[in-house]
Each structure stands twice: as structure tokens, then as C-alpha cells.
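Since the model is a prediction, treat every value here as computed from it, not as a measurement. Naming convention: chains lettered A, B, ... in sequence-line order (proteins, then strands); numbering from 1 in each chain.
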Amino acid sequence: MKIHIKGGHLIDPAHGIDKPADVFVVAGKIAAIGQAPDGFQANKTIDARGCVVCPGLVDLSVRLREPGLEYKATLESEMLAAASGGVTSLAIPPDTDPPLDEPGLVEMLKFRAKNLPGPRVFPVGALTQKLNGEALTEMAELSEAGCIAFSQADAYIADTQILLRALDYAATFDYPVWLRPQDSNLSRGGVAHDGPVASRLGLPGIPALAETVAISTILLLARQTGVRLHLARLSTHEGVGMVRAAKQQGLKVTCDVSANHLHLSEFDLTRFDSNLHFMPPVRSLRDRDALVAGVKDGSIDAICSDHAPVDDNEKQLPFGEASPGASGVELLLPLTLKWAEENGVALIDAIDRVTRGPAQILGISNGQLSIGAHADICVFDPQARFTVTSKWLKSLGNNTPFLGLELPGVVKATIIDGHLDYERT
Amino acid sequence: MPDSQQLTPDGQLKHLLTLDGLPSRILTQILDTAETFMDVGERDVKKVPLLRGKAIFNLFFEASTRTRTTFDIAAKRLSADVVTLNIAASAQSKGETVLDTIANLSAMHADMFIVRHSQSGAAHFIARHVAPHIAVVNAGDGRHAHPTQGLLDVFTIRRYKGAFHNLRVAIIGDILHSRVARSQIHALTTLGVPEVRVIAPRTLLPAGVEQMGVHVFHDMKAGLKDVDVIIMLRLQNERMKGALLPSAQEYFKQYGLTAEKLALAKPDAIVMHPGPMNRGVEIDSEVADGVQSVILKQVTYGIAVRMAVMSILLGPTAS
């Protein structure tokens, strides 16, 4: 397959490229940028006039709900949703049913994904068996099966001795560990940010301390063990500050935030809309502003969707009983563009946080467009706007607080491994 | 935080979900209407025909005796047909059940749902899913709101004190878990009480409670000084388990209302309690049964206030 992406504006943050240029794809690779290679005859030409051509997006947290939770979503539906959002690489958290704690499950997932069109799938293995925080998984086996890191998804290891041993063991083999910092004791029973809004609404609170106490513990353990640490889904002002300080002190740590948390705050909860039930919870405006600033100054390395499709039976419930999370892989690019628009962030920096930044955390060479690289490309119209509706969304999960909102950025084409996996007609 | 969900576009009451953001004009309308029902309970025939032919369903997803009974009596005094469903007994009050229950009862031509649920926001949730002609009354949702209780409390205060603009009111106890306290605070501040105090240990106060317009006291003696109204809250025994308090004894010593502490309030201060009381835990029997106690009056007034709410939502003048 030879593809000519014609007349677009190329943005490749990894190489600081931000200029009009055609891109030529041959046999799954970027063959040339600017001038066509000798004898190039396109099978397919994509008219990219008025569009941005950038690396395919890399999303650090996308739940495909397989195995075990297919009633919420399937690989087919969610991979198509990802492709239609310009996302070409997905990290899959281990909170499936059963969790990704055995090599067979990981192999099956990779096999299923490989036989479907759509993004590359990178499973994150469970750090402990059944994610219960008690016994370690066979990390070497899981790594061989294709796990690129280990995590507890939304569970946390309450026992600090076990957490230390898990990090120590992973560090032995230099396996990256991704943790969402939330102390399970301090967050027990909570469903919303512990602040004036939750107090008023009578929603049991999750204090910001649940995050900062966990970050503090994890950073101390990371210093001691030397583990390759990634902190997932930061939500607090103080948390961002702690990670920024740790980086300045030379600790090798990365972190991400969900696109939801760059836009929402506790003040959006006033009508008890269960689509705003998130883990971690959306917090104060001060917290949100710190996340916004943290991504802007690079203290936060990546924006992810934290895609969590939930079916109506688990979402159409009173706030506290509803499953947390929002479907969002298709909204990663639009919400990132909206964040950039509202905060004066250059397009190249915004794209960096969803391509080069997360690719580096994943340890993959995708997320950039050098000659000879894998042809994972997103072509989108940055001027076009659309309204989020359940019809627009390809995910089986219609659970998003952004329904009805107008967002910038319509993906025109998504190329994965040199194949045109999605084209808006 | 005004909630448009419970008001029609022209500002009339459509559901009663919370007192938060409800304008004082509507609170006063309910209190004034309740006054007109005060004598119904004293007649030989304790009924008025206002809601004849209306179907009211009590949906109690969480157990309750007192609130359910007073709603039941109030509806019957208005001549409505009342059906009470104790959904709490069937334990699995999961979402599908809630929505299915609502759909089924709507199909039976219900006019009003009285809802109690253990989750904050459950009444809002149900109000969002009912047919447009059905009114929802929140009879208590999680820690969030218990608007008819808040209304009957301000009704009681108005009956004894005449006005709100010159009062000091203290609410004592487990504010953190109390939907009653939240509704009382909104009612009192909306009606113009200049000083609402909450008195509790730090473990029983929600984060940022001051932003609800109250003054916080940890020392009960300081907090009770010169108040006109004392509202005691029920303390659940389970609060001792979660390390929120050491013991009922210590709680009583620090925050229980005794005759000695009551003497710090104004001489004509009234003592209120939403019930059911834990004698010897939050209130001494001597005070609960004393001359300043209006606790049983609250129960009586509760019926008139609930009649007022139902008649405003469903009565001939309701749209």
C-alpha cells in the first residue's frame, strides 16, 4: 500500500517539525517527507488540505473490556472508536475480568487485537495476582507474553511492605511500574472530591490527601528501589507539585492526567450526574488549574483518555452507586485541542502530550514521524468542530459528561502500520 | 446552588428535592399553607378532599417508620390514595430495579412519588426519569437532604419564635452524616436567620462546612451561649466503629444536652430533635421531656407541613 498524504500541515513534536509538507507511506513505513520518493505511485491519496498531519495518538489508558466485560464494550467497537479518534497505540490497563495476571490472558488479548484492524495494543500486566495487593504476579512470564509495564489499575496496594516488594521485584528486571496514587484507606467509601461541593451534596468525600499521602509513600519507595515509575491520573494541585519537585531532584518519574480532569471540576457535580463520577474524582478549580499548568510546563508528561465504557445498567444509577469513568478515547484529541485553545498552548506542544510524551512512557518508537518509522499517522481538521452525541461516538459506552458539548478537531483519516484504518467520508 | 430541576420555568414547585437554592418565597408559601392545615388533625373527620383521586406512592428504598408514617397520614388527610412500598426489604435496590420500579409505577398512573434512599442524589435521579406529570418528594437521600424535615423544623421555630431575622440557632452533633442538618441549614439561612451555628467535634463536620453559611464551634458551652433555638441531632451507634468518636459516654459529656448546658442558652430557648432520640447519648431525658422541649410538637407539625407540600405539588392550584 502506497499512500500520499497531500497538502497538509505536518506537525511532529519529536523532531520539532511544524510546517506544510506531504507525507509518503510505503509498505507500512514513512518513505519520504516533502518530496515523493523516486518512482512513487500512490494507491491512495488523502486530501489533507486544511488539515494537520501528525503522529497517531498514543493513549496510556484505554479499557477494551476484554476479557470478561464484553457487555460493556468489545475489542471491535473500542478499537474502531480509537481509530476514529486518531489513536494508533493503546495501553490496556489490567482491570479486565479476570485481570491480566496470567500470560495466557495477555496472549489471547494480543492475538484477538492483532486480527482486527485498528490500533496497536500494549497490555499492562497486573502487578499483583487478581489485583488484590497480596501476591506478586509472574512478571517475567507476563513480560514475555507482551506486557510493557505493570500496574494495579484503579486498585491500590494497601500494605506498604507488599508495595515495597512489588517495586523491588519489578526493579530487578527493570520493568516499569505504573501506579495510580490513591491511598485506599483515606479514600474508603468516598465517591467525590472531599470539599465544599461534596459536603453540600452529602456525597462521601475522597480527600486530596488520599493522593498526596500515596505519592509521598511511592516516591520514597521509588528512590529506594530505583524502579522505573510512572504515576497515573494525577488529580491534585499538591500532587503535581510533588512530582515536579521529585523530577527536579533527578528522580526518574513520569506522570499523566486524564483529559477529563483538564476540563471538569467539583462544580460540575451539582446535579448528581453520574457521568461525572470519576476515579480519581474531579476536584477543585485550584486542582484543575494546577493540572492544566502542569501539562503546559511539561511536569505532566502525557494526557490520556482513561477510556472506560460503562453500560447503562451500571451508569443509570444514583451517583454513588454508578460505575466510575467515562468513555473517551474518541475525545482525547478534541479535549486536548480544547485545553490548548483555552490556555494558549501551541498546537505542537498539545500534540506532543498525546504522541511523543506517552510513547516515551510506553517505551515505544511510535508517536513520531521520521523517515523509516512505522507509519502511524493521524490527519485531522483543527478548525472543524462537532457536537458530542451518542450517535457520533463509536464506542459502545455512551457515558460521557461531554454529551452535547461542541469540541474542536475532526479526524479525517487514521493510518496504522501503513494501512488506512479509518477515513471519515 | 440553585436547582432548576425542582422548579418549573415560571418558578413554581415541580418536585421537592432539596431546600438548597429554593427561594424564600416558596419556603414561606409552604409554611403558610401548613398553617391552614393545622386544625385538620383536631377535627372529628380528619380529612379534607383536596387530593381526592390522586395516587401517591411511598417508595422507601431505605427503612423508615416515622417519616413514612407521617407522609402516609398527611396523604390520607388530603384524601389521596396511598400505596407504600418497602423496597428496602428486597435489599438489591440496584439501578435496574430503581428505574424498572419507577417505570412500572408510572404505568399505574401515579401522581407522586415519596422517595427515601440511602444514596445522596437518588431523588434527583428518580425525578430525572419519571413521566413529566409525576411529582417527586425527597423523604431523605443519603447524607444529602431531608427537605420536609427541614421545613417542619423552621415551621416549629416560626410557631414558637414568630420570626427568623433576630434568631441564633445552634445545630449540635453529627453534621457530617446528617441530611437533616443540611436541609435545616439551607432553610434557616434562606429565611434570614442571621446566625446559624454548628457544634461538633472535627470528625463529625464535613469539609468546608463554613461555606454553607454557618459558624463552627467545637466547644458546646461557647456555642450554646445566648442561642434561641437548640437542635440536637441523632448520633448513630456505628460512629464509634469508624474511629470518629471514642465512646458514647465521652460524646455525651462533650456534646450531650443537659440541663446545665441548656442554662447557657437564652431562658426561653426551645429544644428540638428530629428523632428518634438516643436518650443519654445526645440528650438527657430531663431536657428531652422538659418544659423547653418542643420535640413532640415537631412530629405533629410534620404532618401539616407534609400536607402543605403535597397539596402545593398536586392540588387544584398546581399546574
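- Taking 4.0 Å as the cut-off between side-chain N and carboxylate O, A:Lys72 and A:Glu314 count as a salt-bridged pair.
- With a threshold of 4.5 angstrom between heavy atoms, B:His129 approaches chain A through side-chain atoms but not through N, CA, C or O.
- The choice from A:Gly205, A:Ala198, A:Pro204 that makes the most heavy-atom pairs within less than 4.5 Å of chain B is A:Pro204.
- Taking the six-membered ring for Trp and thresholds of 30 and 60 degrees, B:Phe113 and B:Phe57 have ring planes more than 60 degrees apart, a perpendicular arrangement.
- A salt bridge is defined here as a Lys NZ or Arg NE, NH1 or NH2 lying under 4.0 Å from an Asp or Glu carboxylate O, and B:Arg116 with B:Asp141 fails to meet this definition.
- For the set B:Arg179, B:Glu210, B:Arg128, the entry with the most heavy-atom pairs within less than 4.5 Å of chain A is B:Arg128.
- Chosen from B:Ala207, B:Ala122, B:Pro206, the residue pairing most often with chain A at heavy-atom distances under 4.5 Å is B:Ala207.
- Salt-bridge check for A:Arg233 with A:Asp256: passed, with a basic side-chain N closer than 4.0 Å to an acidic carboxylate O.
- Using a 4.5 Å cut-off between heavy atoms, B:Arg182 contacts chain A through its side chain alone, with no backbone atom that close.
- Using modelled atom types and a 3.5 Å distance limit, the side chains of A:His263 and A:Arg288 yield no donor-acceptor pair.
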